[in-house]
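Would you mind keeping the following structure in view while I ask a few things?
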Amino acid sequence: MISSAHSPWETDPLYPKKFSHIYVEEAVRDDPVTKKILAVFPDAEKVPIVHYKDVFNRRRQNVSLQHKCQNLILAKRSGSAVFPGAPVCQSFGNEHFYYCSSVMNCLCNCSYCYLKGMYPSGNLVIFVNLSDIFAEVEALLAKFPVYLCVSYDTDLVPLEDLIGYVDRWCRFVREHENLSIEIRTKCGRTDLYEKLPKTDRVIFAFTLSPEKIAESYEKGAGTLSQRLQAARSAQEAGFPIRLCFDPMLYIPGWEGMYAAMLDEAAAAIDLATVLDFSVGTFRISDEYLKSMRRQERENALVWYPFARKDGYCQYPTELAGRMESFLAGRLREMCEGAKIFFWEGGTA
C-alpha cells in the first residue's frame with residue numbers, strides 16, 4: 001500500500017518506478033513538464049506519436065491487463081477540458097458545479113472504478129498543458145463563481161512528486177477568490193499537505209472504505225488507517241477536509257464493516273471538525289457497466305443484478321436506501337449536526 005510518509009515513486013513497489021514505454025506527442029516533446037517527467041524514467045522506451053488517441057483509443061485493448069502494467073502517454077489537451085458536473089456526482093450545494101480532467105486514468109486499480117468502462121485503455125495519460133486548463137477556468141470565473149472538482153478521472157495526490165499539479169492548483173485557487181476546488185483522493189501519504197500553499201477554498205476529500213473493501217477491491221490505494229492519517233495531516237495543515245463514504249458496496253457483512261469503519265474514523269479524527277460528509281451507494285452509467293462486464297468476466301461487483309434508471313445502473317431503491325440510511329444514521333449518532341450530502345439519486 002501507499003507509504004504514509006513518503007512519495008510512492010520512491011518507496012512503494014506497487015507503483016511503477018519506471019514505465020516500460022512512454023508515448024510522447026510531438027506537440028509536447030519540448031515542454032518543460034514533459035522533460036521533467038522523462039528525466040524520472042531514463043530507462044523507459046520513448047515512443048514519439050502524433051496524437052495520444054492513436055495509442056489510447058486503439059481497438060481491442062485489454063483494459064484490465066493494462067491497469068496492472070500501465071504505460072504512460074504525455075499529451076496536450078485540446079478542446080474543452082472543463083465540463084458541467086455529472087448527475088451521478090454531488091454538487092455539495094454549489095450552483096456552478098464543474099469538473100476538469102488534466103490526467104486520464106489512475107495509478108490505483110479499484111475493481112469497481114467507472115474509468116474501466118469509460119476509457120478504451122488502461123494506460124495513464126498526463127496532459128502537460130495545465131496552464132490552458134487554467135485559462136478555461138478563468139473564462140468561467142469571469143461569468144460566475146465556480147466549484148470545480150479536479151480529480152474525478154484520476155487521483156492527483158500519488159502523482160504529485162511527478163507532476164506537481166496539486167501544488168499548482170492550490171496556487172491558482174489562491175489567486176482567484178471566486179474559485180473553490182475539491183481534490184478527491186484515496187492516497188495515504190501524509191507528508192504533502194504541510195508543503196502546499198494554504199487556502200480554505202481547496203477541499204481535500206478522502207474516500208473511505210472498510211478495511212476489507214480497501215484490501216480486496218482498491219488495489220494500490222492507501223489502507224483505511226493510512227487515509228485517515230492523511231486526512232488528519234491535511235486538516236492539521238489548514239485545509240478543510242471532506243470524508244466520502246462513497247461508493248458503498250453491497251457485500252456480505254456490510255453493516256458490521258461500515259460500522260467499524262465509522263468507529264475507526266471517529267477515533268482518528270474529531271468528526272465535528274470535518275467540513276461535511278458524502279454518502280452514496282455504487283452507481284454507474286449503463287454503457288460503462290456494459291463495457292466493464294465485457295472486460296471483467298470474473299468481477300462479482302459488476303455482475304450484481306442492478307436496477308436501471310435513466311441510463312444509470314444502481315442498487316435497487318430499497319437496498320440503496322437501507323444502506324445509505326444505515327451509514328448516515330450512525331454518522332448522525334456519532335456527530336450531532338453532521339452535514340451530510342447524498343448524490344442526487346440517493347434515497348436516505
Side-chain angles (χ1 to χ4, degrees), residues 25-37 51-53 56 73-106 115 118-119 124-185 192-193 195-205 234 237-242 275-276 278 341:
E25 278 189 355
E26 293 177 358
V28 302
R29 180 184 57 189
D30 297 322
D31 188 280
V33 177
T34 299
K35 291 181 177 180
K36 175 186 174 183
I37 293 172
H51 196 277
Y52 80 91
K53 290 183 179 180
F56 194 74
I73 304 170
L74 304 180
K76 178 179 180 179
R77 183 88 198 200
S78 57
S80 180
V82 182
F83 310 97
V88 292
C89 301
Q90 297 180 28
S91 66
F92 296 95
N94 293 278
E95 180 180 2
H96 302 293
F97 163 43
Y98 289 81
Y99 77 96
C100 72
S101 178
S102 58
V103 177
M104 296 199 305
N105 274 324
C106 185
L115 297 178
M118 178 178 174
Y119 293 139
L124 188 73
V125 179
I126 296 175
F127 296 110
V128 302
N129 57 321
L130 184 60
S131 58
D132 290 338
I133 298 177
F134 287 164
E136 190 173 354
V137 175
E138 287 177 327
L140 287 176
L141 292 173
K143 303 174 185 177
F144 40 68
V146 171
Y147 171 74
L148 182 69
C149 295
V150 303
S151 57
Y152 271 179
D153 296 341
T154 191
D155 190 336
L156 289 176
V157 176
L159 290 166
E160 183 62 9
D161 291 335
L162 185 65
I163 57 178
Y165 282 11
V166 174
D167 180 89
R168 291 180 66 183
W169 273 114
C170 288
R171 296 181 187 279
F172 183 75
V173 170
R174 281 170 47 125
E175 296 169 358
H176 298 82
E177 295 183 357
N178 54 346
L179 174 64
S180 298
I181 71 170
E182 180 204 80
I183 301 177
R184 190 164 298 203
T185 184
L192 173 63
Y193 302 99
K195 305 173 185 176
L196 297 172
K198 303 302 180 292
T199 170
D200 60 4
R201 288 178 288 106
V202 173
I203 302 165
F204 282 97
F239 292 98
I241 63 168
R242 169 175 294 143
L275 175 66
D276 53 41
S278 168
F341 289 91

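None of the values given here were measured: they were computed from a predicted structure. Positions are given from 1, in the same order as the sequence printed here.
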**Atom pair CD1/OG of I133 and S102 - distance to nearest 0.5 Å** = 5.0 Å

**Request:** Could you tell me whether the side chain of R174 and the main chain of K198 form a donor-acceptor pair under 3.5 Å?
**Result:** yes

**Asked** How many angstroms lie between atom CD1 of I203 and atom CZ of F239, to the nearest 0.5 angstrom?
**Response** 11.5 Å

**Asked** For the residue pair G85 and Y99, what are the closest heavy atoms and their distance?
**Response** CA-CD2, 4.1 Å

**Prompt:** Does any non-hydrogen side-chain atom of V137 lie less than 4.5 Å from one of Y98?
**Reply:** no

**Considering all heavy atoms, the nearest N129-Y165 contact** = N-OH, 4.5 Å

**Complete:** Output for pair (L148 CG, I181 CD1), nearest 0.5 Å, gives 7.0 Å

**Request:** Could you tell me whether the side chain of L275 reaches within less than 4.5 Å of the side chain of F92, counting heavy atoms only?
**Result:** no

**Asked** Does R77 reach the main-chain N or O of D132 with its side chain, forming a donor-acceptor pair under 3.5 Å?
**Response** no

**Fill in**
In terms of heavy-atom contacts, L141 and N178 come closest through O-ND2, 3.1 Å

**Prompt:** Is any side-chain heavy atom of D167 less than 4.5 Å from a side-chain heavy atom of P197?
**Reply:** yes

**Message:** Checking R242 against F341 for the side-chain contact (heavy atoms from CB on, under 4.5 Å) test, could you report, in this order, the C-alpha distance in whole Å, the side-chain angles of both residues, the deciding distance, and whether it holds?
**Reply:** CA-CA 11 Å; R242 169 175 294 143; F341 289 91; 5.6 Å; no

**Request:** List the steps, then state whether side-chain contact (heavy atoms from CB on, under 4.5 Å) holds for V33 with I37.
**Result:** CA-CA 6 Å; V33 177; I37 293 172; 3.9 Å; yes

**Request:** Would you name the heavy atoms of L124 and C106 that are closest together and state the gap between them?
**Result:** CD1-N, 3.8 Å

**Item:** Plane angle bin for F172 and F134 - parallel if under 30°, tilted between 30 and 60°, otherwise perpendicular
**Value:** parallel

**Message:** Nearest 0.5 angstrom please: F127 CZ to M104 CE, how far?
**Reply:** 4.0 Å

**Prompt:** Is E182 reaching over with its side chain to a backbone N or O of V202, donor-acceptor style, under 3.5 angstrom?
**Reply:** no

**Request:** State whether the side chain of R184 and the backbone N or O of Y152 hold a donor-acceptor pair below 3.5 Å, judged by distance alone.
**Result:** no

**Message:** Would the distance check show the side chain of T154 and the main-chain N or O of N105 forming a donor-acceptor pair, the cut-off being under 3.5 Å?
**Reply:** yes

**Prompt:** Minimum heavy-atom separation for L140 to V146, with atom names?
**Reply:** CB-CG2, 3.9 Å

**Request:** Heavy atoms only: give me the nearest T199-P240 pair and the separation to one decimal.
**Result:** O-CD, 4.1 Å

**Asked** Judged by atom type as modelled, is there a donor-acceptor pair below 3.5 Å linking the side chain of R168 to the main-chain atoms of I163?
**Response** no

**Request:** Enter the distance from D153:CG to C100:SG here, rounded to the nearest 0.5 Å.
**Result:** 9.0 Å

**Complete:** dist S131:OG -> D31:CG (nearest 0.5 Å) comes out at 8.0 Å

**Request:** Return the orientation label for the H96 and F144 ring planes: parallel under 30°, perpendicular over 60°, tilted otherwise.
**Result:** parallel

**Other residues, nucleotides, ligands: >12 heavy atoms within 6.0 Å of E138 CD** = yes

**Item:** Exam field: side chain E25 to backbone K76, donor-acceptor pair closer than 3.5 Å
**Value:** yes

**Item:** Donor-acceptor pair, side chain of S151 and main chain of L156, under 3.5 angstrom
**Value:** no

